[in-house]
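For ligands, and for the atoms within them, numbers begin at 1 and follow the listed sequence.
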Amino acid sequence: MHLTESTWRDADAMETSLAVLPVGSTEQHGPHAPLGTDALTAEAIAAEAVERVDREVAVAPTVPVGVAAEHRQFTGTLWVSPDSFRSYVRETAESLAHHGWDRVVVVNGHGGNVAPLREVCARLSREGTAYAVPFTWFDAVDPAEVGFSGAMGHGGPVETSLVSHLRPDLVDETAFEAAAEGGADGWGEWQDGVNLAYDSAEFSDSGVVGDPGEGSADLGERLHDLASDRLASLLDTVATREIPVESREH
Ligand SMILES: [Zn+2]
């Protein structure tokens with residue numbers, strides 16, 4: 001049940017301890033894909049997974065801005081500090097737990113959110129406030145499983161395919177060529193195991209890593225399906241997992 005569309009009485013009638021909190025980012029995804037890509041994908045995977053589980057789930061509204069300063073040279077990118085992000089997620093999870101939804105799966109669509117989410121979820125769990133687990137869809141699926149051999153990239157074939165499936169009206173295929181031409185083959189500028197670059201603009205003129213033209217809406221549909229399956233299975237596990245006693249003690 002999506003809290004945004006429910007009354008407080010609907011929410012009160014829910015008999016579950018399980019909540020899902022989608023988190024995205026508002027950041028450049030090349031000249032062809034929307035700034036809201038990571039929020040759109042996280043939200044769509046969360047929505048589909050919740051349909052597939054045989055239990056009630058409270059779905060919180062999507063956090064739209066994340067840790068994305070690495071894209072700030074591209075207009076429209078928004079970001080908050082890791083501190084602000086962790087606090088926001090933490091307090092949102094605390095308020096979910098206040099209502100009894102104290103098993104929280106944070107569904108993430110953005111790489112820059114991964115480390116802060118792991119930290120904040122560990123802390124919530126160790127304190128016993130809520131058992132919280134972050135799920136980042138592109139870490140949970142390997143595109144090779146659905147027949148694509150390329151890498152994740154950024155605004156590349158994997159993400160673009162997913163948006164082409166979910167919201168084709170938001171993808172500008174006429175910009176694929178510019179995306180690929182100004183794009184990079186891999187993330188960063190590496191020397192001896194050191195990434196010399198902090199921002200995507202240092203190694204990608206278009207902001208893109210990979211060639212979005214190698215993807216398709218069909219690939220996006222398969223990715224959505226697989227990621228939703230993985231998340232549904234995780235939701236069942238988190239709902240029933242025995243929480244170690246030590247993590248409930250201060
Ligand atoms: Zn993205």
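With 2.8 Å as the limit, D38 counts as an N, O or S neighbour of the Zn ion (ligand 1). Distance check for H154 against the Zn ion (ligand 1): none of its N/O/S atoms falls below 2.8 Å.
R103 places a side-chain N or O within 3.5 Å of a backbone atom of R241 that can act as its donor or acceptor partner.
Within E159, the N/O/S atom positioned nearest the Zn ion (ligand 1) carries the name OE2.
Ionic pairing of E94 and R90 is present here: one or more N-O contacts between side-chain nitrogen and carboxylate oxygen are shorter than 4.0 angstrom. For R52 and D225, the salt-bridge test passes: some basic side-chain N is under 4.0 Å from an acidic carboxylate O.
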(request) Could you go through the side chain to side chain contact (heavy atoms under 4.5 Å, CB included) check for W190 and L196 one step at a time? (result) CA-CA 6 Å; W190 294 84; L196 301 167; over 6 Å; no

